[in-house]
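The next block holds one structure in the form of structure tokens; read it before the comments.
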Amino acid sequence: MLPPNGASSFALHKFPLVSRSGRIRRLLIEAKDATISRMNLSLIPGGPEAFELAAKFCYGINIEITLLNVAMLRCAAHFLEMTEEFVQKNLEARTEAYLKDTVLPNISNSISVLHRCECLSPVSEEINLVNRLINAIANNACKEQLASGLLKLDHNFPMKTMPNIEPETPSDWWGKSLSVLNLEFFQRVLTAVKSKGLKQDMISKILINYTHNSLQGLVIRDPHIVRGSLLDMELQKKQRVIVEAMVSLLPTQSRRSSVPMAFLSSLLKTAIASSASTSCRSDLERRIGLLLDQAILEDILIPANSYGNNHGTMYDTESILRIFSIFLNLDEDDDEDNRMRDESEMAYDFDSPGSPKQSSILKVSKLLDTYLAEIALDTNLLPSKFIALAELLPDHARIISDGLYRAVDIFLKVHPNIKDSERYRLCKTIDCQKLSQEACSHAAQNERLPVQMAVQVLYFEQIRLRNAMNGGHNQFFFGTINSQFPQRSSSGAGSGAISPRDNYASVRRENRELKLEVARMRMRLTDLEKDHVSMKQELVRSHPANKIFKSFTKKLSKQLNSLFRINNLKPIGSKPNAESRFLFQRRRRHSIS
């Protein structure tokens with residue numbers, strides 16, 4: 001008799017329905033036909049299932065209200081107008097009682113019912129059921145957070161014995177269940193809990209869990225899907241919507257943000273792959289730049305979106321360039337926020353070995369050198385982009401330049417046909433004074449480097465060795481270190497004078513290195529002298545003129561020996577005795593007279 005949704009029909013009596021449903025009663029009155037036998041209720045929320053349960057309730061059959069059907073029955077009761085106006089404890093009152101007693105006080109129950117409301121719009125919105133559930137989730141989450149904090153406080157500062165304390169429940173246990181919600185409801189729940197004061201680290205965990213579950217089936221592409229097809233574009237659109245929504249829900253940007261670097265990096269990679277909006281990508285780049293000292297190489301190896309370009313680069317270097325620039329400009333922002341601090345104190349804090357800024361920039365410099373070595377293997381990478389990244393850091397960011405030299409050498413090896421001007425500019429980014437002995441030895445014999453750099457490396461090595469042997473290396477290294485800081489101040493980081501403490505530590509370190517190097521040079525010099533003597537002897541033995549000279553001296557020696565024997569003298573090579581000396585002198589005087 002009543003076919004809702006055009007899919008099912010029910011043969012029912014009018015009186016039980018009219019006694020409890022105001023809508024059915026009004027429809028019969030408006031029909032002005034007492035013999036009406038069919039009625040269309042196709043718009044009832046929940047469809048035939050909801051109408052069947054409501055009809056049973058009208059017939060007085062006891063129906064079980066559960067988490068699975070309470071939202072549907074509440075909306076159906078509103079649609080059929082089954083209120084207290086017609087009978088006490090009508091369906092609307094019964095469902096409201098269940099909501100108040102079982103659903104709203106519990107977070108997981110509220111989330112489950114909210115999930116059921118997704119297919120009950122717009123009725124669920126009209127009766128304010130969605131907002132009530134969202135507010136209940138937010139309130140209960142904050143209450144649980146407060147209770148957890150008080151429990152920790154009691155454990156840390158016990159005022160009295162509490163023998164029946166239950167084990168602490170993880171405060172994010174309910175966050176995983178939010179992944180069942182659609183994006184719209186999830187956004188509304190997150191906005192509500194943020195406004196109620198839920199901690200940012202908890203919000204970050206919820207976001208990570210929801211994003212992982214939502215993108216898990218979208219990021220892994222089916223190999224049978226053609227790139228650029230309609231299905232592929234639809235997947236990209238879903239990714240883009242999810243990523244942009246997640247970025248809008250992230251906690252406030254801060255250098256102490258609770259959002260993990262790996263999560264931000266994965267969001268940026270997905271945003272680039274799905275062609276997300278510029279504002280979304282800029283927001284992620286800014287957040288990564290704030291936490292760049294916590295990143296590893298995998299976090300910044302962001303694939304380029306080279307769709308339709310077979311000669312594109314492997315990695316998105318433009319984004320990385322902006323990210324590193326953001327990090328380097330943080331010092332200027334901090335200076336603006338701390339203008340009341342003493343300038344000398346700020347300079348010492350920045351340059352001291354244990355200061356956060358200096359340790360952070362050293363980590364970032366190593367990260368950049370490793371990144372440059374990785375992208376140098378890309379044959380499609382333009383020299384201008386590589387040079388822009390190599391020139392990015394200020395001089396004081398690197399204590400040793402071996403990592404940058406290695407990256408440059410790899411790039412030159414993979415790109416042998418670059419222009420001489422680009423080769424020279426690329427090698428100019430390397431500070432030869434900061435190369436280790438091994439790097440200097442390699443650079444001096446590296447045919448890929450310009451001659452000017454090889455000469456410069458040998459020159460600085462010679463000066464370093466000379467100063468070390470003369471004991472005057474302190475003046476040399478103080479001069480070179482101090483001269484590095486004013487250079488390239490426009491690269492993004494604030495320049496400043498190095499502190500005496502940093503100078504002293506650097507000199508002691510260089511002193512130890514130079515002592516070892518002097519010992520190595522002495523050993524090398526001894527070996528070279530031995531090689532020189534052996535080569536000289538070999539040369540004398542092997543020269544053709546030497547053989548003629550030996551034969552001539554041999555013949556001359558024989559003739560002289562025979563002459564000496566005739567004159568009773570000792571042969572060549574023997575020591576003359578007193579008698580031979582007397583005879584020789586007498587004959588000499590006789591010949592003279």
How far apart are the C-alpha atoms of D431 and D395, what are their side-chain angles, what is the distance that settles it, and do they pass the side chain to side chain contact (heavy atoms under 4.5 Å, CB included) test?
CA-CA 8 Å; D431 189 350; D395 291 335; 5.7 Å; no
What distance separates [X] [atom1] from [Y] [atom2], expressed to the nearest 0.5 Å?
X    : Y    : atom1 : atom2 : result
S258 : K205 : OG    : NZ    : 9.0 Å
L198 : E144 : CG    : CD    : 9.5 Å
L264 : S204 : CG    : OG    : 8.5 Å
L268 : S319 : CG    : OG    : 5.5 Å
K363 : Q294 : NZ    : CD    : 8.0 Å

Determine the minimum heavy-atom distance between [X] and [Y], stating which atoms define it.
X    : Y    : value
A390 : L404 : CB-CD1, 4.1 Å
T313 : L381 : CG2-CA, 3.9 Å
P383 : I418 : CG-CG2, 3.9 Å
E298 : S265 : O-OG, 4.2 Å
A376 : F386 : CB-CE1, 3.9 Å
E285 : I326 : O-CD1, 3.7 Å

Would you find a donor on one side and an acceptor on the other, under 3.5 Å apart, between the side chain of Y210 and the backbone of L183?
yes
Tell me which pairs pass ring pair (Phe, Tyr, Trp, His ring centres under 6.0 Å) where either residue lies in residues 236-287, with sequence neighbours left out.
none
What pairs of residues pass the ring pair (Phe, Tyr, Trp, His ring centres under 6.0 Å) test when at least one of them lies in residues 429-452, not counting sequence neighbours?
Y405-H442
Find out whether [X] and [Y] are in side-chain contact, i.e. whether some heavy atom of one side chain is under 4.5 Å from a heavy atom of the other.
X    : Y    : value
N209 : L178 : no
I272 : R281 : yes
V457 : L449 : no

I'd like to know whether NZ of K366 has more than 12 heavy-atom contacts from other residues, nucleotides or ligands below 6.0 angstrom.
no
Would you call D409-K413 a salt bridge at under 4.0 Å N-O?
no
Quick one, L284 with L250, criterion side chain to side chain contact (heavy atoms under 4.5 Å, CB included). Give me CA distance, side-chain angles, the key distance, then yes/no.
CA-CA 10 Å; L284 288 171; L250 288 173; 4.2 Å; yes
F186 and I206: CA distance, side-chain angles, deciding distance, side chain to side chain contact (heavy atoms under 4.5 Å, CB included) verdict
CA-CA 10 Å; F186 178 79; I206 296 172; 3.7 Å; yes
Does the side chain of [X] pick up a donor-acceptor pair with the side chain of [Y] at under 3.5 Å?
X    : Y    : value
S436 : D402 : yes
R322 : S325 : no
T270 : Q239 : no

Check the pair I399, K434 against side chain to side chain contact (heavy atoms under 4.5 Å, CB included), reporting the backbone distance first and the verdict last.
CA-CA 7 Å; I399 294 179; K434 296 182 180 180; over 6 Å; no
